[in-house]
Amino acid sequence: MRFKTSVRNISTFIKLTSCLTPISKTCWLRLSEDEVRFVIHRGDHGTQVWATVSIGTLFDEYRITSANSNIINLEVPLSLLHRALRSCSAAVDAVLRLTKRASDGVPILCLTITTSISTLVTQEIPVRVLSAASVEGLREPEIGEADANICLPPLTQVRAIAERMMKLSSAGNDGKLILAANWKGEFLMRLEGGEMVKVESRWRDLQNPVTEDSDQQQDLSDEEASRFKQVRVDGREWVRLLKVGVLARKCVACFVEGRALVVYVWLTEEGDRDETVLTYYMASYSA
Amino acid sequence: MSAPTTLQFTLSPQSTQKVHEALVCLSKFSEFISLEARRNKLCLSALNSTKSAYGAVHLTANKFFDSYQYLSQNGNEEARFSCRLQAKALLSVFRQRYLDSKEKPNSIDRCEFQVDDDPSRPECRILVRLIYTHGVLKTYKLTYEDVDSMHAVFDRESADNNWTISSSLLKSYMEHFGPKAEQLDISSENGRAAFTSFTEKLIDGKEILKQPLQTSISLDTTDFEHFNVTSGTHVAISLKDFRAITLHADTLGEPVHADYSSPGRALQVHYGRDGMQCEFTLMTTPDTRGTQQHRAVVASAPQPRSRASTRQPSAAPSGYTAPRSSVSKQPTTSAVEQEGEEDYGLGMDMGIDMPPPPVPSQHISSQPQPLQPLLPKRPQSTHPPPRPPSPPLPNHASASKPLFLTYASSSSSSEHSGDEDELARGLEEFHDLVGWDTAGRAAGAPQVVAKDVELEEGALRGGRRRKTKRVVDDDEDEGNAGRKETMGTEGIAPTQTSLVKGLFD
């Protein structure tokens, strides 16, 4: 099992890790010959994140071999990876490789950074090598066609309001928020705190992107188009997701009524050669 | 009974800012800051709870201050005034705001500091007055404890490894280290130097991912302004301490000097500017990741007890054979020789008085501690000691166990008999390595003072001294709660001499 690469695009890599750190402590990093995949999948109802990027988006001179069809699965502590990558900000060159720590044989991702002609920084990130069997059952959720798609307003703004709502949610509420959108460019976020409190924020004049080859919006009656398709999500998880707002170039939410919310976050401008998109899946809770 | 002593000085806004920065740094070592005034200088210092790190900032009277006056009653040139304050309290006075532009209402014109050591008043008070440019006057009254300050003795002559590096460069290196990294190994080989963080906690299984990031910075020795280190030398210090020092050094913008000899002996970092001299004495350990063996060997080796050998590197790990000719050259003018003697006594005394089973270490908690009781002041006498000062409080392991024991001790001690042995070893090892200038005299005979004559006679001054016995009772009550910090500092308090007298004489 060998893995060695030079890091080509530090800023995108750092953006990726900073979008993942608020969601979970560790992530599953799947390295293969043609793509790199970051996955947060905790087995419970928590938010899942799937991000697949091409090798060239992050790496250069990428070399990988393993007995498992040249695929390596690692469990990586996100905060350490993020911290280590931050050392690269002034790097001339950075090389990432999988190796064993000299002192105790723990597998590590070793990031060697050349910051100037004579200075070398080495960051050793302890990792766990996952067997192919242990990740076999992990599949990206299949949601089907969305009932409504909407481009979210600036996430920092949404987050400020969501945080305020969560502060009010203590009484008679289990920390859930209702999110909803329609085909008329409207998005709403609502807190229903039992008898005690009810808060709602609405955004108008947003865009309703359509998936290619889809007839989603075709034959909707005006009434059906203005009807809100809603999901009920964990408020804290939603606030954590919204932390990516600083980095997101564009953000589209797809509502599958009563089942799930899928949020696509673009870290790069549309049409960028190294397009990087993270997909967040949130389960909808029944009331 | 000494008469009131008065200390009075004035700081410019720039100096006030510098005091603030120094206090921020020192407060990372201890929650108490010692202040010691002499005729021509003021010293702020802090000693950490495990006594493995000591920091001192010396302020020169005629350079750092706008005005400085220290009047001792007897007019003794060598007289000094020392006390201890809560770091938090001092920091709340010297807050960061003084260098604001003159236009802003919250910039100060000057800061006046005054200590009235008046025995007729029930409390010790320090008066700090901030005079603002727009006429506002803020007055702070601080309570201090009458405690002697201790100074780590470090002999630069015998430290044959040294380097100097730009503080901003060093700071930029430190930024690569993760927040949870514990120790820092400094090494060099073949024209390359390395700073490497490591942790001694061995974690296995799933916990592996919770280990801190291990960071290594390798640089060319020509990046140092000066570099003179025996190739292959490794010393390890606390990364947190070193980071605090680096941050402070960078505020002064002056190069940082480090002097050390070999692992297990102290390392000193020093730098200074404009009448401010900072020195930090840190205990070093070998990087034990691959060298546990050495520690065990050293620990079990018989320790020569003869006085002549106290300064010999008997306790130095045998795996490290850095040339140490300068250590044994017995400097005659420096304090080291005398201090060695005194410390030896100190160590011996502790070894003997230390009663057996120490409180298990899990009792040690990090609760916040109350303000310490006021401690009796020692008279400024210069008699030779009836016995050496400051043994730590007996029957308390949290005071004694970590005392001078190096980080690695716990891992190497398991195969040896008891805690007592370990303790004695630790003590020997330590006093062999770092001396404490308790009497504050860097030169001259070891002048240890009989601190508790007054107390023995029951002469408590002005109601502001508490009986030593009471102090002890308090500590016994708190014993199981294990106030590590309290005990650590208690150990150095001069009062404890009388306790020892009472119990063992």
Side-chain angles (χ1 to χ4, degrees), chain A residues 10 17 20-21 24-29 40 42 73-96 99-131 134, chain B residues 165-166 168-181 183-185 187-224 227 234 236 239 286-293 411:
Chain A
I10 288 290
T17 54
L20 298 172
T21 34
S24 171
K25 287 197 172 79
T26 63
C27 85
W28 163 30
L29 176 61
I40 292 176
R42 289 170 299 172
N73 294 299
L74 300 173
E75 186 180 1
V76 181
L78 281 166
S79 61
L80 298 192
L81 177 62
H82 183 60
R83 176 87 204 186
L85 288 171
R86 271 171 51 196
S87 282
C88 299
S89 52
V92 179
D93 181 41
V95 173
L96 186 67
T99 178
K100 278 186 176 175
R101 188 153 66 200
S103 56
D104 54 8
V106 167
I108 49 169
L109 272 178
C110 181
L111 184 63
T112 311
I113 307 147
T114 312
T115 55
S116 67
I117 299 157
S118 63
T119 310
L120 213 63
V121 178
T122 315
Q123 298 279 25
E124 298 184 0
I125 307 143
V127 294
R128 232 156 49 96
V129 177
L130 302 173
S131 66
S134 68
Chain B
I165 194 167
S166 141
S168 63
L169 197 58
L170 195 56
K171 185 187 164 219
S172 74
Y173 293 150
M174 288 302 121
E175 282 164 0
H176 293 294
F177 291 100
K180 283 188 199 149
Q183 297 198 50
L184 180 70
D185 176 71
S187 63
S188 65
E189 207 151 2
N190 305 330
R192 301 285 294 175
F195 296 101
T196 308
S197 72
F198 67 100
T199 177
E200 288 197 320
K201 270 187 218 132
L202 292 173
I203 312 168
D204 49 25
K206 192 151 172 97
E207 301 289 290
I208 267 173
L209 301 185
K210 292 185 181 157
Q211 286 182 348
L213 201 61
Q214 193 162 306
T215 307
S216 178
I217 293 158
S218 158
L219 59 154
D220 206 293
T221 53
T222 53
D223 289 347
F224 289 80
F227 194 85
H234 279 260
L239 177 60
D287 178 346
T288 51
R289 280 172 297 174
T291 55
Q292 305 273 345
Q293 207 53 38
S411 51

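Letters go in sequence order (proteins before strands), and every chain restarts at 1.
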Legend entry - Pro126(A) and Gln214(B), any side-chain heavy atoms less than 4.5 Å apart: no
Legend entry - Lys180(B) side chain near Arg83(A) side chain, heavy-atom distance below 4.5 Å: no
Legend entry - Choice from Asp223(B), Thr215(B), Leu219(B) maximising heavy atom contacts with chain A below 4.5 Å: Thr215(B)
Inset, instruction - Mind listing the closest non-hydrogen atom pair of Arg128(A) and Leu209(B) along with its distance? - result: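 Heavy atoms only, the tightest pair is N-CD2, 3.7 Å.
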Legend entry - Residues in side-chain hydrogen bond (donor to acceptor under 3.5 Å, both in side chains) contact with Ser87(A), at least two apart in sequence or another chain: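 Scan of Ser87(A) (side-chain hydrogen bond (donor to acceptor under 3.5 Å, both in side chains), adjacent residues dropped) gives Gln123(A), His176(B).
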Inset, instruction - Taking ring-ring contact (aromatic ring centres under 6.0 Å, His included) as the test, write out the residues that go with Tyr173(B), two or more places apart. - result: none
Legend entry - Interatomic distance, Arg86(A) atom CZ to Glu175(B) atom CD [nearest 0.5 angstrom]: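 Interatomic distance, Arg86(A) CZ to Glu175(B) CD, rounded to 0.5 Å: 9.0 Å.
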Legend entry - Point-to-point distance, once rounded to the nearest 0.5 Å, from OG1 of Thr119(A) to CZ of Arg192(B): 7.0 Å
